[in-house]
Amino acid sequence: MPTAGPNAPAILLVDDDAEICQFLATLLELEGFTPRIATRAEQALASLTGVEAILIDLAMPEVDGFELCRRIRATGFSKPIVIVSARPGVDLPAKAAAAGADEFVRKPFDNADLVARVRRHVRA
């Protein structure tokens, strides 16, 4: 099982739930990524330098994942953004794409599938 090294791609995790962030950080680190955590939109916007991809939870206080995605894209950030949510709704993938996300993933997700999606985006 790979572990994150000094040249491991940085993945920004944006979720207001610290336990979910820690779980995802551990998962991604074990898979050879360098996780960075932001629990608020302002932290995320200040943490974009050197990031190869971003995972954003849709349900965030103050600024939801769609709006955060739009704000990140407005900075000129062009790397992959994946919005993740347990919220129901068949229109969410289209709304995520309209906000600038590269992909929408529903919770609960399969851990291996999520890692594979991140790998695919980082390699592209």
Side-chain angles (χ1 to χ4, degrees):
M1 187 177 286
T3 57
N7 297 323
I11 308 298
L12 180 60
L13 306 171
V14 187
D15 195 312
D16 61 315
D17 186 323
E19 287 182 26
I20 290 173
C21 281
Q22 191 55 56
F23 168 77
L24 288 172
T26 300
L27 174 67
L28 291 173
E29 189 169 33
L30 288 171
E31 292 296 331
F33 296 100
T34 299
R36 295 186 190 169
I37 294 174
T39 57
R40 302 185 57 158
E42 304 81 40
Q43 287 177 311
L45 289 165
S47 302
L48 299 177
T49 303
V51 169
E52 294 300 318
I54 304 173
L55 295 177
I56 302 174
D57 183 50
L58 180 57
M60 299 268 295
E62 299 161 15
V63 176
D64 73 11
F66 294 142
E67 179 59 25
L68 178 57
C69 186
R70 283 189 283 275
R71 290 182 187 184
I72 290 170
R73 290 298 188 210
T75 71
F77 185 87
S78 61
K79 303 226 172 131
I81 298 175
V82 177
I83 294 180
V84 182
S85 180
R87 188 181 295 175
V90 296
D91 61 335
L92 295 181
K95 285 183 176 181
D102 295 275
E103 192 163 0
F104 178 84
V105 175
R106 287 204 186 274
K107 292 179 183 176
F109 48 77
D110 176 80
N111 295 344
D113 179 58
L114 183 67
V115 169
R117 289 170 189 248
V118 170
R119 274 194 206 294
R120 186 180 71 240
H121 283 298
V122 169
R123 282 191 199 132

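This chain uses plain numbering: 1 for the first residue, then up along the sequence.
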Closest non-hydrogen atom pair, A10 against G50: CB-O, 3.6 Å
Please identify each residue that fulfils side chain to side chain contact (heavy atoms under 4.5 Å, CB included) with E62, with sequence neighbours left out. R40, E42
Quick check for you: to the nearest 0.5 Å, what is the distance between C69 atom SG and I81 atom CD1? 4.0 Å
Measuring from T49:OG1 to F77:CZ, what's the distance to the nearest 0.5 Å? 9.5 Å
Test of understanding: with salt bridge (charged side-chain N to carboxylate O under 4.0 Å, His left out), list the residues that count as partners of K107, not counting sequence neighbours. D15, D57
T39-Q43 side chain donor-acceptor pair, cut-off 3.5 Å: yes
Scanning both residues in full, the closest heavy-atom pair of S47 with L12 reads CB-CD1, 4.1 Å
Nearest heavy-atom contact between G32 and P9 is O-CD, 3.8 Å
Is any side-chain heavy atom of F23 closer than 4.5 Å to one of L13? no
How about F109 and V115: do any of their side-chain heavy atoms sit closer than 4.5 Å? no
Closest non-hydrogen contact found for E29 with P35 is CB-CD, 4.0 Å
Verdict with reasoning, V82 to I54, per side-chain contact (heavy atoms from CB on, under 4.5 Å): CA-CA 6 Å; V82 177; I54 304 173; over 6 Å; no
What pairs with R117 under salt bridge (charged side-chain N to carboxylate O under 4.0 Å, His left out), at least two apart in sequence or on another chain? E103, D113
Please name all residues satisfying side chain to side chain contact (heavy atoms under 4.5 Å, CB included) with A41, sequence neighbours left out, ordered by chain then number. V63, L68
Closest heavy-atom pair and its distance - P93, G89: CD-O, 4.2 Å
Pairwise side chain to side chain donor-acceptor pair (under 3.5 Å) hits with a residue in residues 79-88, at least two apart: E52-K79
Could you tell me whether the side chain of L45 reaches within less than 4.5 Å of the side chain of I72, counting heavy atoms only? yes
Can you see which heavy atom on V122 is nearest to which on F33, and at what distance? CG2-CE2, 4.2 Å
With sequence neighbours left out, what residues match D102 under side-chain hydrogen bond (donor to acceptor under 3.5 Å, both in side chains)? R73
Measuring from atom CG of L114 to atom CZ of R119, what distance do you get when rounded to the nearest 0.5 angstrom? 11.0 Å
Would you say the side chain of I83 lies within less than 4.5 Å of the side chain of K95, judging by non-hydrogen atoms? no
